[in-house]
Every structure is written in structure tokens, then in C-alpha cells.
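In this chain, residues are counted from 1 in sequence order.
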Amino acid sequence: MTTAGDIMHRGAQWIPAHETLDRAAQLMRELNVGALPISDQNERLCGILTDRDIVVGCVAMGRDPARVTAGEMARGTPRWIDAGADVGEVLQEMKGHQIRRLPVIEDKRLVGMISEADLARHLSDEQLAAWVESVYARGGSSATG
């Protein structure tokens, strides 16, 4: 059985909810990623921040990224998957919520992130085609990841 832990990208990092968006953008650049899970004061997942969120939800609105926090951008219920979950559960979670990035949690700690690139590397052509059709055919939102 292939698990979420088998296909995830290790080394994902939180951005604390109190950190500003300019710091989040710097961290994204340092890590070469386009999304960061947002943690609350108890290091629990409270959202996901994307580079697009920073541009569209802050900069394009005329707001100063040095004055807006990651927590202010967190919306909705964040989705995640346990590291031991089967890859089928990963696909179902991503399909069902039309998300493109999924934090992986183990023992209540962030241990990785699953992205489209991770799926492309680990799925069969048939699995990947079915996932792409299900997420993109319905106009999946990038606001949650």
C-alpha cells in the first residue's frame, strides 16, 4: 500500500498566523514553494497561504503585505491527511475538495505536503488522468491550496 507519507514532499514548514505576508513571501522564496500551511499559536493547522493569495488578496487590493498577517488570509476549514493514509484517500480528499496541495500530518505535527508534482511522480498515468479531470473539469479553486 502506497501512503501519503510515501508520496509527500518532506520538509514542509508552517508560517505562524501572526507572521506578515511579506515574511511569508520571503519564506516561500527560500523554500522554493508556492504555498505554506498556516499554524495557530498551538501549532495547529488553521489554513494554507498561497503566493496567489498574497498577490490577489493583498497586493492587488492595495494592502501592505508588511501589515497583513497570514492568519488574516486563512479562510474556511483547512484540509489535511494523515501520513499513514492510503494514496486513494489522498486522491479522494483532493478531488472532493478540489485542492491542489495537501498538508500531511503525523502525530499532530506537519511532516510534509503533497502537491500536483508529487502526484505526477507517483501515480500511474490512469490515476493521474482521472485526478486531473476531476479537479480541473469542475474549475477547481486554488484559493485553498
Side-chain angles (χ1 to χ4, degrees), residues 1-61 65 68-145:
M1 169 178 87
T2 302
T3 66
D6 296 329
I7 67 171
M8 72 182 182
H9 174 83
R10 296 192 177 278
Q13 291 186 22
W14 299 108
I15 185 81
H18 68 271
E19 285 286 354
T20 59
L21 298 185
D22 61 340
R23 177 63 191 128
Q26 292 165 1
L27 186 56
M28 286 179 187
R29 182 189 64 220
E30 290 167 17
L31 298 172
N32 193 31
V33 298
L36 293 169
I38 304 169
S39 69
D40 65 14
Q41 66 274 12
N42 298 315
E43 290 196 355
R44 299 188 103 166
L45 183 65
C46 65
I48 294 181
L49 178 68
T50 67
D51 47 7
R52 185 177 190 282
D53 294 332
I54 295 170
V55 172
V56 174
C58 179
V59 176
M61 300 297 285
V68 178
T69 66
E72 291 175 63
M73 301 300 289
R75 291 184 182 90
T77 302
R79 308 306 305 179
W80 58 273
I81 197 92
D82 185 86
D86 180 80
V87 72
E89 294 175 65
V90 171
L91 294 174
Q92 192 59 42
E93 184 71 16
M94 294 175 85
K95 284 179 195 177
H97 297 281
Q98 293 186 300
I99 54 177
R100 296 180 179 110
R101 296 175 182 104
L102 186 62
V104 181
I105 307 292
E106 185 174 58
D107 297 324
K108 298 184 181 179
R109 301 188 59 94
L110 177 70
V111 293
M113 185 82 86
I114 297 173
S115 69
E116 293 171 311
D118 298 314
L119 294 177
R121 281 192 297 274
H122 293 92
L123 297 180
S124 71
D125 290 344
E126 294 79 21
Q127 287 174 310
L128 187 59
W131 180 81
V132 167
E133 182 178 342
S134 69
V135 172
Y136 289 98
R138 293 183 283 172
S141 169
S142 64
T144 58

- Message: As an exercise, state the distance from CZ of Arg121 to CG of Leu128, rounded to the nearest 0.5 Å.
- Response: 11.5 Å

- Compare every heavy atom of Cys46 with every heavy atom of Ala74, then report the nearest pair and how far apart it is. CB-O, 3.4 Å

- Task: Starting at CD of Glu72, measure out to OG1 of Thr20 and round the result to the nearest 0.5 Å.
- Result: 10.5 Å

- Message: For a quick test of reading the model, state the closest non-hydrogen atom pair linking Ile7 to Asp118 and the distance between them.
- Response: O-CB, 3.3 Å

- Task: Apply side chain to side chain contact (heavy atoms under 4.5 Å, CB included) to the pair Met28 and Ile54, showing each step before the final yes or no.
- Result: CA-CA 11 Å; Met28 286 179 187; Ile54 295 170; 4.0 Å; yes

- Item | Nearest atoms (heavy-atom pairs only) where Asp82 meets Ala4 | O-CB, 3.5 Å

- Query: Just how far is it from atom CD1 of Ile48 to atom CE of Met113, taken to the nearest 0.5 Å?
  - Reply: 5.0 Å

- Message: Would you compute the distance between atom CE of Met8 and atom OG1 of Thr3 and round it to the nearest 0.5 angstrom?
- Response: 8.0 Å

- Is the backbone of Asp86 close enough, under 3.5 Å, to the side chain of Glu89 for a donor and an acceptor to pair up by distance? yes

- For His122 and Asp6 the tightest heavy-atom approach is NE2-O, 3.9 Å

- Task: Any chance you could lay out the side chain to side chain contact (heavy atoms under 4.5 Å, CB included) test for Val33 and Arg101, step after step, and finish with the verdict?
- Result: CA-CA 11 Å; Val33 298; Arg101 296 175 182 104; over 6 Å; no

- Message: Looking at Arg109, is its backbone amide N or carbonyl O close enough to the side chain of Asp107 to form a donor-acceptor pair, meaning the two atoms are under 3.5 Å apart?
- Response: no

- Give a yes or no on whether Met1 atom CE has more than 12 heavy-atom contacts from other residues, nucleotides or ligands under 6.0 Å away. yes

- Task: Verify, without hydrogens or angle tests, whether Asp40 (side chain) and Asn42 (backbone) share a donor-acceptor contact under 3.5 angstrom.
- Result: yes

- Message: Measuring from atom CH2 of Trp14 to atom CZ of Arg44, what distance do you get when rounded to the nearest 0.5 angstrom?
- Response: 9.5 Å

- Task: Check step by step if side chain to side chain contact (heavy atoms under 4.5 Å, CB included) holds for Leu49 and Leu21.
- Result: CA-CA 9 Å; Leu49 178 68; Leu21 298 185; 3.7 Å; yes

- Determine the sole option in Val111, Leu110, Ile38 for which the side-chain contact (heavy atoms from CB on, under 4.5 Å) test with Pro103 is passed. Leu110

- Query: Can you name the closest pair of heavy atoms from Gln13 and Leu31 and give their distance?
  - Reply: NE2-CD2, 3.6 Å

- Note on the structure: For Ala24 and Leu36, the nearest pair of non-hydrogen atoms, with its separation, is O-CD1, 3.7 Å

